*Asks:* 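Starting off with a structure, shown below.
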4 protein chains.
Amino acid sequence: FRYNMGSFRGHALPGTFFIIMGIWWTIKCTLKYACKKHKRTSYLGSKALFHRIDIVEGITIICMALTGMLGEQFVTEGPHLALYNYKEGQWVQLLSWHHSTMYFFFGLVGVANILRFIINSFPISLIKLLLSNALFVEAFILYNHTHGREVLDIFVHQLLVLAVFVAALIGFLEFFVRNNVIVELLQMTFILLQGSWFWQIGFVLYPPSGGPAWDSMDHDNIMFLSICFCWHYTLHIVIVGVIYAFVTWLVKSRLKRFCSSEVGLLKNTEREQESEEEM
Amino acid sequence: FRYNMGSFRGHALPGTFFIIMGIWWTIKCTLKYACKKHKRTSYLGSKALFHRIDIVEGITIICMALTGMLGEQFVTEGPHLALYNYKEGQWVQLLSWHHSTMYFFFGLVGVANILRFIINSFPISLIKLLLSNALFVEAFILYNHTHGREVLDIFVHQLLVLAVFVAALIGFLEFFVRNNVIVELLQMTFILLQGSWFWQIGFVLYPPSGGPAWDSMDHDNIMFLSICFCWHYTLHIVIVGVIYAFVTWLVKSRLKRFCSSEVGLLKNTEREQESEEEM
Amino acid sequence: FRYNMGSFRGHALPGTFFIIMGIWWTIKCTLKYACKKHKRTSYLGSKALFHRIDIVEGITIICMALTGMLGEQFVTEGPHLALYNYKEGQWVQLLSWHHSTMYFFFGLVGVANILRFIINSFPISLIKLLLSNALFVEAFILYNHTHGREVLDIFVHQLLVLAVFVAALIGFLEFFVRNNVIVELLQMTFILLQGSWFWQIGFVLYPPSGGPAWDSMDHDNIMFLSICFCWHYTLHIVIVGVIYAFVTWLVKSRLKRFCSSEVGLLKNTEREQESEEEM
Amino acid sequence: FRYNMGSFRGHALPGTFFIIMGIWWTIKCTLKYACKKHKRTSYLGSKALFHRIDIVEGITIICMALTGMLGEQFVTEGPHLALYNYKEGQWVQLLSWHHSTMYFFFGLVGVANILRFIINSFPISLIKLLLSNALFVEAFILYNHTHGREVLDIFVHQLLVLAVFVAALIGFLEFFVRNNVIVELLQMTFILLQGSWFWQIGFVLYPPSGGPAWDSMDHDNIMFLSICFCWHYTLHIVIVGVIYAFVTWLVKSRLKRFCSSEVGLLKNTEREQESEEEM
């Protein structure tokens with residue numbers, strides 16, 4: 001198993017992570033919303049289930065982040081945790097360190113997901129904030145990532161920064177306007193957009209067919225990529241819409257039992273968190 | 001019937017669309033506000049009427065978007081749905097594809113207007129969000145639209161981007177501060193501004209008199225256009241103000257019956273939506 | 001009486017207008033706040049007085065705007081309402097037209113101040129919005145005002161744009177967070193800053209001593225002006241603070257009667273507006 | 001005692017100030033939050049203590065600001081309060097004046113901390129606003145501080161501006177969303193980040209080992225510093241998290257008495273302020 005960020009696989013890996021997490025979060029938040037709507041009185045029951053899911057989610061995110069970090073560090077041409085080469089007097093593989101740093105901040109989101117069940121007074125809204133934070137840091141690093149590269153390379157990364165920054169901003173807004181399902185789904189759309197745009201960058205700069213990268217001088221390529229970005233966005237609006245419709249329909253027609261099961265567990269813990277959410 | 005976006009008619013068409021929709025939305029939202037204010041208890045009745053109007057509105061928007069998209073694709077020199085010319089190894093008519101994409105996102109607003117009556121759990125606020133979304137996408141595409149053109153051309157399009165972006169931003173804010181009539185009318189002012197500025201661009205770059213475009217090197221033209229933009233804005237403030245005053249007066253003096261008619265229809269549907277609006 | 005915006009007096013005039021209005025609005029809003037705080041039950045009485053004051057204020061603003069507009073148009077070298085010189089094929093005195101447009105938007109604020117008492121259903125918050133709007137338009141025009149000038153000239157105008165834009169932004173925020181006295185006073189600080197910075201620009205570019213303008217090439221001048229801007233700001237924080245403290249003390253110690261007088265007038269009108277304010 | 005801002009010590013001094021204040025504010029706000037949470041009914045008691053602490057805090061901030069201002073003015077090569085050298089016709093040591101101005105605005109925060117106990121009607125939220133204000137002014141001055149310097153120098157200062165601006169922005173948001181402990185802690189993280197980044201700048205531009213500054217031409221240095229900035233940020237997230245966890249645990253396990261002591265003092269004063277906070 002070998003990859004480098006400056007390669008097709010190096011872009012496909014984070015892209016896949018973001019698409020998986022985006023789809024998963026879309027399903028989860030629609031499920032939560034649908035359960036809450038249809039069973040206002042006893043939806044607490046399903047919360048116990050959601051808590052278990054959250055732990056699995058936390059572990060998954062940490063695994064993804066570790067995969068990314070270790071992959072970046074210990075591939076053949078990676079820095080192997082060396083930061084500065086004192087012999088040659090130069091930094092070692094700074095781009096890999098950039099990527100490791102980004103993965104690390106997403107790892108923090110996973111850690112927070114776990115810590116929440118260990119530490120009792122852990123503020124739940126912090127998880128959302130850390131996700132938004134990880135996205136802001138990612139946008140910041142990506143923005144400082146492409147100095148001195150070619151025009152097309154910079155442009156596709158700028159669009160990525162745009163998607164990441166908007167996702168971060170919506171996440172930050174969500175912190176103030178809590179429990180609004182539409183804002184949450186909007187953020188997921190941008191996380192999905194980010195994921196598929198990573199793939200697009202891979203195809204543009206490192207075509208898996210082995211051919212050369214797209215012509216950086218051809219102005220039409222930039223013109224095309226800017227609408228291509230919108231088409232990706234359309235696609236993800238449709239995906240999120242379909243998931244939302246499907247999950248809502250599922251909850252309505254069959255899974256009414258699912259939400260009402262397991263009522264009565266963990267009530268003490270939940271009541272505390274409830275009061276905190278209304279803080 | 002033939003037009004090209006790079007022509008007077010190509011700018012007049014979307015301009016006309018936006019002016020029609022801007023005036024219509026101004027009338028609609030003043031009407032809603034006025035009815036709500038004067039007949040707080042029984043204004044639900046008029047909602048049934050508004051719903052029918054919304055369906056007609058949705059169909060109209062879809063028709064406009066389709067006209068725009070098909071027009072862009074199937075005019076004589078259009079791309080005819082071809083995206084890449086493999087023979088010559090170049091993109092086909094990307095500017096037309098840009099315009100089609102913009103029209104498409106406005107089409108989504110129309111689709112949402114219809115879907116709302118088919119799908120029961122459709123969140124109403126999504127329609128506003130999709131309008132804001134379509135405006136953001138339009139601003140994004142217009143921003144990436146004028147690479148490599150002349151100074152004056154870029155400047156008039158930048159002002160257009162400004163108007164579109166502000167309209168989008170206000171629409172997004174409106175999502176958080178719902179049911180504030182002034183914010184809604186402010187957004188309409190910027191949509192009208194956008195519409196008439198499309199016409200202005202047509203007059204500047206493709207004078208219908210057949211004369212040459214304005215001198216791109218003359219710095220005074222830019223100075224003039226920046227205040228001209230403000231004058232357009234003034235005009236639309238006055239138009240919106242007059243419509244607001246007229247409709248309010250009309251509702252007060254004569255149409256009190258109009259609002260109280262048709263009470264009692266569709267009550268079940270409305271109650272659900274009411275509770276959703278308070279979400 | 002003769003002045004030109006490209007002169008000391010042309011900058012001192014709007015500067016004086018803004019300083020007068022800034023101080024006046026600071027006094028008014030502190031007075032309102034102090035009366036409201038000390039006489040929560042009967043502060044409606046003073047509202048009748050405030051209404052009369054508002055009419056005078058509206059007329060004053062309109063007079064100032066007219067003075068500015070007419071001054072710009074009909075000075076010796078002004079455009080005298082001519083926009084385009086068809087003989088020479090060029091625009092006439094566009095800078096004067098710029099200034100006239102700015103004055104016009106402030107005139108609208110005055111008109112709204114009057115209209116509010118003529119039209120019954122006039123939304124009060126619109127006045128604040130129009131002030132914010134006038135400031136945004138001023139920032140927009142000033143931003144497009146200095147193309148092709150010298151570095152120092154552009155820099156001092158950019159600082160002006162900054163002050164105007166911040167004042168506009170705070171005014172817009174105030175629209176959402178109504179009746180917060182600190183936010184209102186903050187906006188006044190920036191309006192005062194704008195006023196005194198107009199004077200500063202006059203001193204820098206057109207020294208009234210008759211000497212030459214400051215050296216545009218000397219980098220130290222820019223360095224100095226950027227802290228000078230902060231010192232102006234400090235000064236206005238102190239001025240606003242002193243006015244706030246003085247007026248609050250005055251209301252507390254002596255003018256308790258002032259606020260409670262005139263209770264019972266215009267009650268019907270006020271109740272409507274009250275309910276609108278809670279909209 | 002001698003230092004110059006253009007030296008290691010000149011950057012270490014403000015850095016130390018910000019780190020001390022950041023850690024102190026983190027402790028204070030966690031303490032307040034923890035007391036409030038565990039003793040909702042009688043937390044007013046601890047307020048008396050907090051008031052005394054606030055006075056000490058105010059005096060400390062003023063001392064720090066004075067140290068900074070006097071240090072900048074009266075070091076050997078400082079301006080000694082001279083602003084313009086009329087003999088040589090040039091500004092005296094403008095950079096020192098820049099620094100003095102920044103310190104001054106932080107001094108205002110300290111003054112407000114004191115004034116609050118002298119003037120009765122002093123709005124408490126003003127203190128937060130003045131802190132945010134001081135940070136905005138600092139960001140503004142630092143932004144205008146590095147004209148004409150080397151690329152690396154500008155880059156590290158830009159990152160500083162970013163940290164300061166974000167801290168200011170969060171402080172401003174906090175003004176609207178009061179009493180949210182997470183937002184407050186987030187601001188502290190950025191104030192700490194600012195503090196340690198001052199140290200980093202010192203190490204980069206004026207290595208205390210006496211060696212030369214980092215190579216401004218080496219692009220890798222910029223790449224490294226942009227992730228180094230993120231690592232500082234991570235560190236401060238951990239520090240704030242640890243302080244939060246420790247203080248919360250301390251309050252829970254031992255200091256329950258601490259919060260409930262001194263109940264009943266200053267009740268009149270507090271009730272006024274309470275009602276003001278709910279304004």
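Just so it is clear, the structure is predicted and the values come from calculations on it, not from any experiment. Below, chain A is the first sequence line, B the second, and so on; all start at residue 1.
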*Asks:* Do C:Trp231 and D:Phe104 come within less than 4.5 Å of each other through their side chains, counting heavy atoms only?
*Replies:*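 No. Closest side-chain heavy atoms not under 4.5 Å.
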*Asks:* Which bit of C:Leu225 comes within less than 4.5 Å of chain D, counting heavy atoms only: side chain, backbone, both or neither?
*Replies:*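 Answer is neither: C:Leu225 stays 4.5 Å or more from chain D.
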*Asks:* Please table the atom pairs, donor to acceptor, closer than 3.5 Å between any side-chain atom in residues 184-194 of chain C and protein atoms at least two apart or in another chain.
*Replies:*
unit_1: C:Glu184; atom_1: OE2; unit_2: C:Lys128; atom_2: NZ; d: 2.8
unit_1: C:Gln187; atom_1: NE2; unit_2: C:Ala167; atom_2: O; d: 3.3
unit_1: C:Thr189; atom_1: OG1; unit_2: C:Leu185; atom_2: O; d: 2.8

*Asks:* Which residue out of D:Leu129, D:Asn133, D:Leu126, D:Val137 racks up the most heavy-atom pairs below 4.5 Å with chain C?
*Replies:*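 Answer, by heavy-atom pair count under 4.5 Å with chain C: D:Asn133.
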*Asks:* Measure the CZ-CD1 distance between D:Phe175 and C:Ile182 for me, rounded to the nearest 0.5 Å.
*Replies:*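 D:Phe175 CZ to C:Ile182 CD1: 4.5 Å, rounded to 0.5 Å.
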*Asks:* So for D:Tyr84, is it side chain, backbone, both, or neither that comes closer than 4.5 Å to the heavy atoms of chain C?
*Replies:*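 Answer is neither: D:Tyr84 stays 4.5 Å or more from chain C.
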*Asks:* Tell me whether the count of non-hydrogen atoms from other residues, nucleotides or ligands lying under 6.0 Å of CD in D:Gln90 goes above 12.
*Replies:*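 More than 12 within 6.0 Å, yes.
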*Asks:* Check C:Asp220 against D:Leu94 and note the closest heavy-atom contact, atom names and distance.
*Replies:*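 Smallest heavy-atom distance, with atoms named: O-CD1, 3.1 Å.
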*Asks:* Parallel under 30°, tilted from 30 to 60°, perpendicular over 60°: which one fits the rings of C:Tyr233 and D:Phe105?
*Replies:*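 Answer is parallel, since the angle falls under 30°.
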*Asks:* Given a strict heavy-atom distance threshold of 4.5 Å, which part of D:Tyr143 is in contact with chain C: side chain, backbone, both, or neither?
*Replies:*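 When you check distances to chain C, no heavy atom of D:Tyr143 falls under 4.5 Å.
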*Asks:* Contact part of D:Ile141 toward chain C, heavy-atom cut-off under 4.5 Å: side chain, backbone, both or neither?
*Replies:*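 Interface part for D:Ile141: side chain.
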*Asks:* Taking D:His98 for its side chain and C:Ser226 for its backbone only, find out whether a donor-acceptor pair lies under 3.5 Å.
*Replies:*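 No, the answer is negative, given that no donor and acceptor are paired below the 3.5 Å cut-off.
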*Asks:* For chain D, which candidate among C:Ala245, C:Cys230, C:Gly241 shows the most heavy-atom pairs at distances under 4.5 Å?
*Replies:*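 The option with the most such pairs is C:Cys230.
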*Asks:* Using a cut-off of 6.0 Å, state whether more than 12 heavy atoms not belonging to C:Phe165 lie near its atom CZ.
*Replies:*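 Open: at most 12 neighbouring heavy atoms sit under 6.0 Å from CZ of C:Phe165.
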*Asks:* Identify which of C:Thr234, C:Val183, C:Asp215 forms the greatest number of heavy-atom pairs closer than 4.5 Å to chain D.
*Replies:*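 Counting heavy-atom pairs under 4.5 Å, the top option is C:Thr234.
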*Asks:* May I ask you to name which of D:Leu108, D:Leu130, D:Thr101 has the most heavy-atom pairs under 4.5 Å with chain C?
*Replies:*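 Option with the greatest count: D:Thr101.
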*Asks:* I want to check something: taking the side chain as every heavy atom from C-beta on, are D:Asn144 and C:Phe229 in contact at a cut-off of under 4.5 Å?
*Replies:*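 Not touching, per the 4.5 Å side-chain cut-off.
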*Asks:* Below 4.5 Å from any heavy atom of chain D, which atoms of C:Asn221 appear? Answer side chain, backbone, both or neither.
*Replies:*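 When you check distances to chain D, atoms from both the backbone and side chain of C:Asn221 fall under 4.5 Å.
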*Asks:* Is there side-chain contact between C:Leu173 and D:Phe172, with heavy atoms separated by less than 4.5 Å?
*Replies:*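 Side-chain contact under 4.5 Å: yes.
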*Asks:* By a 4.5 Å heavy-atom criterion (distance strictly below it), what part of D:Phe136 contacts chain C: side chain, backbone, both, or neither?
*Replies:*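 For D:Phe136, no heavy atom lies under 4.5 Å from chain C.
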